[in-house]
Colleague: 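So that we are looking at the same thing, I have put the structure below in structure tokens.
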Amino acid sequence: MKKEQFVLTKPLNHLAVIMDGNGRWAKKRLMPRTFGHKEGCKRVEEIFNLCMRYGIKVFTLYAFSTENWNRPEDEIKLLFEYLEEFFNSNIDKFMEKGVKVNHMGDASRLPEKTRRVLNEAINRTFNNDKFVFNICLNYGSRQEILKAVKNIAKDVENKKVDIDNIDDKLFQTYLDSAYLPEVDLMIRTSGENRLSNFLLYQLAYAEFIFTPTYWPDFKEKEFVECLKEYCSRDRRYGAIKE
């Protein structure tokens, strides 16, 4: 008998994920940390496929933070190679499924080949409008917010923006996530209970789920459990429900 698929009972347009625990997963198996990153790339593909199956329009992935440059050089090199391989092997599927690739973060410091592969994916999928694969590479939320503030200040100085017209809606257009819907659910794997400089502005009213499962072990069963937990939450946005 075919198992009935879980059905979302609440709107979930934007899922953000901190995919943590790749290195620890590999270490438990007496393997190099890079083995965990390679296995983690497989989960990215699987979880994004599940997002599309459940009609989740935007999937934001925290792939490499501004602080991750402190890791060993060889690990960083292989991590970017895995990301390049991911885009090269999935770009045709993205076109077929109507997936738009979006990047958040400072691309200038990325390796030249990674930057080229990323830009090719962004340019090729630019007109797609069914789903968004939003990858945070060399990203830090504090840096993003500071950049937005500086750009608004410049536009005020150049009389492009009236200071009295600055509000939440306008401010969001200066963020890397401009025009994306607000995050509904943020999942962090590996048991760490912090945001680590991730989407500090965009997560204002998101639901948080912290799971002890390492990212390479985060598969369909646990993903669906997170969706069920999300649907059980009472999202009031500061209001009171009678």
Side-chain angles (χ1 to χ4, degrees), residues 15-53 56 59-94 99 101 103-107 109-118 120-121 133-141 185-199 208-227 229:
L15 169 67
V17 170
I18 301 176
M19 53 169 190
D20 198 14
N22 291 339
R24 280 166 284 169
W25 179 88
K27 186 177 180 180
K28 283 184 66 175
R29 288 157 178 78
L30 305 179
M31 299 291 287
R33 288 173 55 84
T34 51
F35 179 72
H37 294 312
K38 189 166 187 177
E39 188 67 22
C41 282
K42 296 177 184 177
R43 296 294 88 73
V44 171
E45 185 173 351
E46 291 175 16
I47 297 302
F48 184 51
N49 284 337
L50 288 169
C51 285
M52 290 189 286
R53 184 197 301 177
I56 301 169
F59 177 61
T60 293
L61 185 71
Y62 203 9
F64 193 87
S65 75
T66 50
E67 290 75 30
N68 286 153
W69 294 107
N70 295 319
R71 295 185 177 188
E73 188 176 335
D74 289 345
E75 180 179 339
I76 292 173
K77 182 176 181 292
L78 280 173
L79 178 57
F80 284 125
E81 287 179 3
Y82 296 151
L83 287 169
E84 293 160 13
E85 182 182 333
F86 170 83
F87 281 113
N88 286 330
S89 62
N90 281 280
I91 190 64
D92 289 338
K93 184 197 299 180
F94 283 177
V99 176
V101 175
H103 171 243
M104 292 178 65
D106 180 7
R109 193 179 173 184
L110 300 177
E112 183 181 352
K113 185 178 178 183
T114 304
R115 192 165 60 246
R116 185 174 69 251
V117 169
L118 178 62
E120 287 174 357
F133 183 87
N134 184 36
I135 187 163
C136 296
L137 281 173
N138 194 27
Y139 171 83
S141 186
L185 172 62
M186 191 286 299
I187 299 172
R188 179 167 187 160
T189 58
S190 89
E192 303 291 352
N193 299 323
R194 57 179 177 270
L195 296 180
S196 298
N197 202 16
F198 181 54
L199 302 182
F208 293 176
I209 294 179
F210 298 98
T211 170
T213 304
Y214 293 142
W215 176 250
D217 285 332
F218 189 80
K219 300 181 181 181
E220 181 174 1
K221 181 179 179 181
E222 180 140 10
F223 177 73
V224 172
E225 288 303 311
C226 287
L227 297 186
E229 170 64 22

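All values below were derived from every heavy atom in this structure, side-chain atoms included, with hydrogens, water molecules and symmetry-related copies excluded.
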Colleague: Can you find a heavy atom in the side chain of Phe48 that is under 4.5 Å from one in the side chain of Val99?
Modeller: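 In short, these two side chains touch, coming nearer than 4.5 Å.
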Colleague: Can you tell me if Glu67 has over 12 outside heavy atoms packed within less than 6.0 Å of its CD?
Modeller: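 More than 12 within 6.0 Å, yes.
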Colleague: Contact between Phe59 and Leu50 at the side-chain level, heavy atoms closer than 4.5 Å - yes or no?
Modeller: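 In short, these two side chains do not touch, never coming nearer than 4.5 Å.
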Colleague: Specify the closest pair of heavy atoms between Leu137 and Ala63, including all atoms of both residues, with the distance to one decimal.
Modeller: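 The answer is CD2-CB, 3.8 Å.
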Colleague: So which atom in Cys136 and which in Tyr62 form the shortest heavy-atom distance, rounded to 0.1 Å?
Modeller: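 Where Cys136 meets Tyr62 most closely, the heavy atoms are CB-CD1, 3.9 Å.
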Colleague: So Met186 and Phe198, do their side chains get closer than 4.5 Å, heavy atoms only?
Modeller: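 When only atoms from C-beta onward are counted, Met186 and Phe198 do touch, with a gap below 4.5 Å.
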Colleague: Within the side chain of Thr189, is there an N or O that forms a donor-acceptor pair under 3.5 Å with the backbone of Asp20?
Modeller: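 Present.
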Colleague: Over all heavy atoms of both residues, which pair between Pro216 and Asn22 is shortest? Give the atoms and the distance, please.
Modeller: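 Scanning both residues completely, I find the closest heavy atoms to be CD-OD1, 3.2 Å.
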Colleague: Assess whether a salt bridge exists between Lys42 and Glu39, defined as any Lys/Arg side-chain N lying under 4.0 Å from an Asp/Glu carboxylate O.
Modeller: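 Yes, Lys42 and Glu39 are salt-bridged.
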Colleague: Please check if the side chain of Arg33 supplies one atom and the backbone of Ala26 the other of a donor-acceptor pair under 3.5 Å.
Modeller: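 No, because the side chain of Arg33 does not come within donor-acceptor range (under 3.5 Å) of the backbone of Ala26.
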Colleague: State, with a plain yes or no, whether a side-chain heavy atom of Met104 is found less than 4.5 Å away from one of Leu199.
Modeller: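 Side chain of Met104 against side chain of Leu199, heavy atoms only: contact under 4.5 Å found.
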Colleague: So, taking the atom named CZ in Arg188 and the one named CG in Asn193, what distance separates them when rounded to the nearest 0.5 Å?
Modeller: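 Result: 8.5 Å between the selected atoms.
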Colleague: Could you check if a side-chain atom of Asn49 sits within less than 4.5 angstrom of a side-chain atom of Lys93, using non-hydrogen atoms only?
Modeller: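 With C-beta onward as the side chain, the pair touches.
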Colleague: Taking the side chain as everything from C-beta on, heavy atoms only, tell me whether Ile135 gets closer than 4.5 Å to Phe64.
Modeller: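 A side-chain contact is absent here, since even the closest heavy-atom pair is not under 4.5 Å.
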Colleague: So, Asn138 side chain and Ala107 main chain: donor-acceptor pair closer than 3.5 Å or not?
Modeller: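 Looks like no, no N/O pair under 3.5 Å.
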Colleague: Give the ring-plane orientation class for Phe210 versus Phe208, where under 30° counts as parallel, over 60° as perpendicular and anything between as tilted.
Modeller: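 Perpendicular, since the angle between the ring planes exceeds 60°.
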Colleague: Report yes if the side chains of Val44 and Met19 come closer than 4.5 Å at any heavy-atom pair, otherwise no.
Modeller: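 Yes, their side chains come closer than 4.5 Å.
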Colleague: So Phe223 and Glu46, side-chain contact (heavy atoms from CB on, under 4.5 Å) or not? Walk me through it.
Modeller: CA-CA 10 Å; Phe223 177 73; Glu46 291 175 16; over 6 Å; no
Colleague: State whether the side chain of Trp25 and the backbone N or O of Gly36 hold a donor-acceptor pair below 3.5 Å, judged by distance alone.
Modeller: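 Judged by distance alone, no pair lies under 3.5 Å.
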Colleague: Thinking salt bridges, do Glu222 and Arg43 make one under a 4.0 Å N-O criterion?
Modeller: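 Not counted as a salt bridge, because no side-chain N and carboxylate O are separated by less than 4.0 Å.
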Colleague: Show the nearest heavy-atom pair for residues Gly140 and Thr66, with the distance to one decimal.
Modeller: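 Looking at all heavy atoms of both residues, the closest pair is N-CG2, 3.7 Å.
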Colleague: Which pairs would a plain distance check flag for residues 79-87, meaning a side-chain donor or acceptor within less than 3.5 Å of a matching protein atom at least two apart in sequence or in another chain?
Modeller:
from: Glu81; atom 1: OE2; to: Lys77; atom 2: NZ; distance (Å): 2.7
from: Glu84; atom 1: OE2; to: Thr114; atom 2: N; distance (Å): 3.3
from: Glu84; atom 1: OE2; to: Thr114; atom 2: OG1; distance (Å): 2.5

Colleague: Working to the nearest 0.5 Å, report the span between SG of Cys226 and CZ of Phe218.
Modeller: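 Cys226 atom SG to Phe218 atom CZ measures 4.0 Å (nearest 0.5 Å).
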Colleague: Is the shortest side-chain heavy-atom distance between Cys51 and Leu15 below 4.5 Å?
Modeller: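 Yes. Closest side-chain heavy atoms under 4.5 Å.
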Colleague: Dump the intermediate steps for side-chain contact (heavy atoms from CB on, under 4.5 Å) on Asn68 and Tyr139, then the final yes or no.
Modeller: CA-CA 10 Å; Asn68 286 153; Tyr139 171 83; over 6 Å; no
